[in-house]
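So the structure is just underneath, and the comments pick up after that.
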Amino acid sequence: MYKWWVRLSRQATRSEVNLTYEKILRWGAKAVDTGSLTDMDYGFISNRNPTRLMNKLKIDEVVTNWGFLSKTKLAKPRRNPTHIPSDKAKTFEELKKRFGTTLGGKP
């Protein structure tokens with residue numbers, strides 16, 4: 001989960017600011033608390049990394065600055081791990097007992 005903030009330009013028109021805000025929401029971010037209503041600071045949360053989006057929006061000069069508040073990846077723990085650590089010496093002894101003195105199956 002990525003938490004990040006955006007500062008929009010005060011010189012931009014209201015329609016440009018609204019369009020940029022809508023682009024961010026359509027991209028998949030969810031709006032969270034804003035810094036202040038007079039400042040053009042907005043906070044967002046998203047599952048995707050917003051770096052490419054913000055660099056594209058900076059070209060239009062509506063986004064003046066942006067940054068990360070936190071970067072955390074929420075990962076589920078694996079329920080059934082495929083690799084289980086084992087004691088190699090013990091396993092070798094068990095195989096030796098099962099197959100005889102050599103592991104090829106021929107005594």
Side-chain angles (χ1 to χ4, degrees):
M1 187 72 65
Y2 294 96
K3 269 184 144 180
W4 43 284
W5 59 271
V6 174
R7 180 170 293 143
L8 301 178
S9 173
R10 291 184 186 193
Q11 277 74 32
T13 62
R14 188 122 180 103
S15 61
E16 288 175 336
V17 169
N18 288 340
L19 183 65
T20 304
Y21 190 80
E22 300 266 331
K23 281 182 185 178
I24 294 171
L25 292 179
R26 272 187 270 132
W27 176 78
K30 294 179 184 171
V32 287
D33 58 337
T34 59
S36 169
L37 294 176
T38 56
D39 294 339
M40 301 292 276
D41 293 345
Y42 299 100
F44 294 98
I45 293 177
S46 65
N47 289 329
R48 298 165 46 193
N49 191 342
T51 305
R52 290 183 84 186
L53 174 69
M54 288 297 108
N55 288 334
K56 284 182 184 178
L57 293 177
K58 272 183 116 176
I59 294 170
D60 298 337
E61 297 179 359
V62 178
V63 174
T64 57
N65 202 358
W66 75 278
F68 288 105
L69 295 173
S70 70
K71 299 180 196 180
T72 56
K73 275 287 195 180
L74 297 177
K76 292 182 180 178
R78 295 175 67 179
R79 292 188 183 147
N80 298 322
T82 55
H83 175 70
I84 300 171
S86 63
D87 185 15
K88 289 184 180 181
K90 183 178 172 185
T91 306
F92 186 74
E93 289 300 319
E94 287 176 6
L95 287 173
K96 237 172 143 180
K97 286 179 189 173
R98 215 182 299 166
F99 293 110
T101 55
T102 62
L103 289 177
K106 298 176 186 174

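Keep in mind the model is a prediction, meaning the values are calculated, not measured. Below, all heavy atoms of this structure are taken into account, side chains as well, without hydrogens, waters or symmetry copies.
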Among residues at least two apart in sequence or on other chains, which ones pass side-chain hydrogen bond (donor to acceptor under 3.5 Å, both in side chains) with T51?
N49
Can you name the side-chain hydrogen bond (donor to acceptor under 3.5 Å, both in side chains) partners of T64, sequence neighbours left out?
none
Classify the ring geometry between F44 and Y21 as parallel (under 30°), tilted (30 to 60°) or perpendicular (over 60°).
tilted
Do other residues, nucleotides or ligands put more than 12 heavy atoms under 6.0 Å from E94 CD?
yes
So, using ring-ring contact (aromatic ring centres under 6.0 Å, His included) as the criterion, who are the partners of W5 when residues are at least two apart?
none
What residues, two or more places apart in sequence or in another chain, satisfy side-chain contact (heavy atoms from CB on, under 4.5 Å) together with [X]?
X	value
T13	S15, E16
L8	V6, V17, T20, M40, Y42, V62, V63
K97	none

Which residues pass the salt bridge (Lys or Arg N to Asp or Glu O under 4.0 Å) test with R48, sequence neighbours left out?
none
Are L69 and W66 linked, directly or through other ILVMFWY residues, by side chains that come within less than 4.5 angstrom of each other?
no
At what distance, to the nearest 0.5 angstrom, does [atom1] of [X] lie from [atom2] of [Y]?
X	Y	atom1	atom2	answer
S46	K3	OG	NZ	12.0 Å
M54	W27	CE	CH2	7.0 Å
Y2	N47	OH	CG	9.5 Å

Hydrophobic cluster partners of L19 (side-chain heavy atoms under 4.5 Å):
none
